[in-house]
Amino acid sequence: MEDSRPLRLIAANPVDALARTVEALLVVASQPLSVGELAEATDDDPERVETALGLLGERYREGRSGIVLEKVAGGYAFRASREAADACARLFERPVERGLSGAALETLAIVAYLGPVSRPEIARIRGVAADSAVASLVERGLIAEAGREDGPGGAVRYRVTPLFERVFGLESLAALPRLDDLGGEPEAIRERLLAVAEARAS
Amino acid sequence: MEDSRPLRLIAANPVDALARTVEALLVVASQPLSVGELAEATDDDPERVETALGLLGERYREGRSGIVLEKVAGGYAFRASREAADACARLFERPVERGLSGAALETLAIVAYLGPVSRPEIARIRGVAADSAVASLVERGLIAEAGREDGPGGAVRYRVTPLFERVFGLESLAALPRLDDLGGEPEAIRERLLAVAEARAS
Amino acid sequence: MASAVRDLELDLDAFEGPFDLLLTLLLKEQLQPAEVDVAGIVVAFVEHLAGRDELDLDACGEFLVLVAALLELKARYLFPDEEAELGELEPEEAAEELARRLAEYRRMKEAAAWLRERLDHERGRHFRLGPAPLAPTFARQLAPQEPRQLAAALAGLAVEPPKVSLSHMALRFPPVSQFVERFRAVLRRRRVFDFDGEVVQLSRVEQAVAFLALLELRKAGEVALSQAAPFAPIRVSRTENERILQWKTAARSA
């Protein structure tokens, strides 16, 4: 495959070498790397690192490459292209999400939006004990302990992990939709009632 | 994915799409992949996979790319280029950590005072699964396996290591601070902790 | 006329069919109360009523009783252990707390549905879990630690959990019969009384139960109800004075 970067000047673009170092770091890293981490590891400017990431994003993108650079979980990481999804599925499972139950997803939503939260708090919101759902999410690495409520003797609290953001393809927790924006249920009910009132008034 | 049957001629180099799929597989694999595994995952011929690997070896090689395709004992894998060695060292050589997480400290205290002790027992005392805390302490070399509980299929038990004693500046385990409030002797402490854990769970 | 309620056709997310069948499935535990969209049922009933000329009080009464029971069933299902805790609150506070928790639960269900959709969408995104096969490895190093941290951690695990008070009262609605008796007594003294005036001092929960009592009496033919317009005060009288205004007339005059 031809290596055709968009803006190659005559003298080797000084960011090229940095881009090679950045791609090397990304291919061995076990989690997404932030611009800060990349700048520290490459001993270079954050601005130049961003420029290098721009070059890499151009090169490692869907449709052009099997390796795709993505911005996720507060950093940058490589993943497989969607084109290769079937082949990946034949070779690896995505064990993290396999067989996630409805109870586990509700628990995950509570931890993501309200975390850090304890098991009793989760149980209070869901109305049923959360022990097995919490245990399965911990085992999958989607949530992790985050201290105890009110210090020693309190219940263990949980928060979501960077793996959660990765699995769900979120740039950060801030990318979760606002709860108010979810579900148009109250709006739909209001509209139906208004329609009844109008029909009666006419 | 492209359905590329063995006898496809004329069209743009038909191995290109296969090469993209192979690079996608290599970037998500956590161990080297053999030609056989790659052929199975891509649902393609081993010969064509070898051709694709040849293309990739050309593209991902020292001096040209930060990502380098390497043939190792178990098959093929990506590594970081030698050019990026210093940056990799800075990324992976983590600074000396200042302390342990709450979960790790609780687990370590249980193993130090009550060891040898099994994971199920640690979990009962803490009231939450101990798997990840135990795994991270083993990885750090602070605790190690010490036989199994009695009976067939008994759980693995853990004790603290000499590294633990060095990190905590202890001549021996006998130098651990006494816990007279909790009964002093390991048996009394264990009983007390289990009783409290039961009260917490109820 | 009662069949107007039971035959009510519902088209909800979790259920499609007559109200009667929904209740049967719930009683047979083939449908979880948590899955039932009560607001959807209420709206369907309101739409059904609006399509008729006459206000069918029997149907309204039966519907209210059934929906109240359904709501209670759903609340109990969602918060099985909360009865005692809510019982420590004043009935109005308990009702508000329950409403708050139902709303929070609904939002979390919506969030879970969003996560599920997201997961389905992201299924084609594969990435490596764990270290790369040829990544360099470096041992983690820990600075010197204080042994008393260990003692403190273990002492923390020996702290008794806060005692949960067991002295709370269960959340109870006052019995309907209490209000049935009370209204009978009022009607023995007076031919007519104003429902709103009679219950104005009561809590919201008690007012609701009082209203159910009123419908019971109406169903038994012991009282007559009249109302000048929708939402106007309800006048309660001995049966001989019954006068039911039609919704249509009321709407025109409004």
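Within every chain, numbering begins at 1; the chains are lettered A, B, ... in the order of the sequence lines, protein sequences first and strands thereafter. Please read all numbers here as calculations on a predicted model, not as lab measurements.
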*Can you tell me if C:Q149 uses its side chain to pair, donor with acceptor, with the backbone of B:L100 under 3.5 Å?*
no

*Side chain, backbone, both or neither: which part of B:V27 has a non-hydrogen atom closer than 4.5 Å to chain C?*
backbone

*Answer yes or no: are there more than 12 heavy-atom neighbours, outside C:R184 itself, under 6.0 Å from its atom CZ?*
yes

_Could you tell me if the side chain of C:L142 sits less than 4.5 Å from the side chain of B:L163, heavy atoms only?_
no

*Check whether B:L176 gets within reach of chain C through its side chain, its backbone, both or neither, counting any heavy atom under 4.5 Å.*
side chain

*Which atoms of B:A29 come close to chain C, meaning under 4.5 Å heavy atom to heavy atom: side chain ones, backbone ones, both, or neither?*
backbone

_ring pair (Phe, Tyr, Trp, His ring centres under 6.0 Å) partners of B:F168, counting only residues at least two apart_ = B:F164

*Which bit of B:L91 comes within less than 4.5 Å of chain C, counting heavy atoms only: side chain, backbone, both or neither?*
neither

_Smallest separation among heavy atoms of C:P147 and B:L170, with atom names_ = CG-CD2, 3.7 Å

*Counting only heavy atoms closer than 4.5 Å, note whether B:A80 contacts chain C via side chain, backbone, both or neither.*
neither

*Evaluate the side-chain contact (heavy atoms from CB on, under 4.5 Å) criterion for residues B:Y113 and C:L150: first the C-alpha distance (whole Å), next the side-chain angles of each, then the deciding distance (0.1 Å), finally the verdict.*
CA-CA 9 Å; B:Y113 278 94; C:L150 295 168; 4.1 Å; yes

*What heavy-atom pair brings C:P133 and B:Q31 nearest, and what distance separates the two atoms?*
CB-CA, 3.7 Å

*asked:* Which atoms of C:P131 are under 4.5 Å from chain B, going by heavy atoms: the side chain, the backbone, both sets, or neither?
replied: backbone

*Taking every non-hydrogen atom, the tightest pair across B:V28 and C:H126*: CG1-O, 3.4 Å

_Is there a side-chain contact (heavy atoms from CB on, under 4.5 Å) between B:I189 and C:L154? Walk through the geometry before answering._
CA-CA 9 Å; B:I189 296 173; C:L154 216 55; 4.1 Å; yes

_Give me the atom names and distance for the closest heavy-atom approach of B:V167 to C:A143._
CG1-O, 3.7 Å

_ring pair (Phe, Tyr, Trp, His ring centres under 6.0 Å) against C:F127, all qualifying residues, sequence neighbours excluded_ = none

*Is B:R90 atom CZ crowded by more than 12 heavy atoms from other residues, nucleotides or ligands, each under 6.0 Å away?*
yes

*So does B:R61 have more than 12 non-hydrogen atoms from other groups sitting under 6.0 Å from CZ?*
yes

*For the atom pair CD (B:E106) and CG (C:L157), what is the distance rounded to the nearest 0.5 Å?*
4.5 Å

*asked:* At a heavy-atom distance under 4.5 Å, which candidate from B:A112, B:G99, B:A89, B:G141 has the highest pair count against chain C?
replied: B:G99

*Taking all non-hydrogen atoms of both residues, which atom of B:R98 and which atom of C:Q145 are closest, and how far apart?*
O-NE2, 2.8 Å

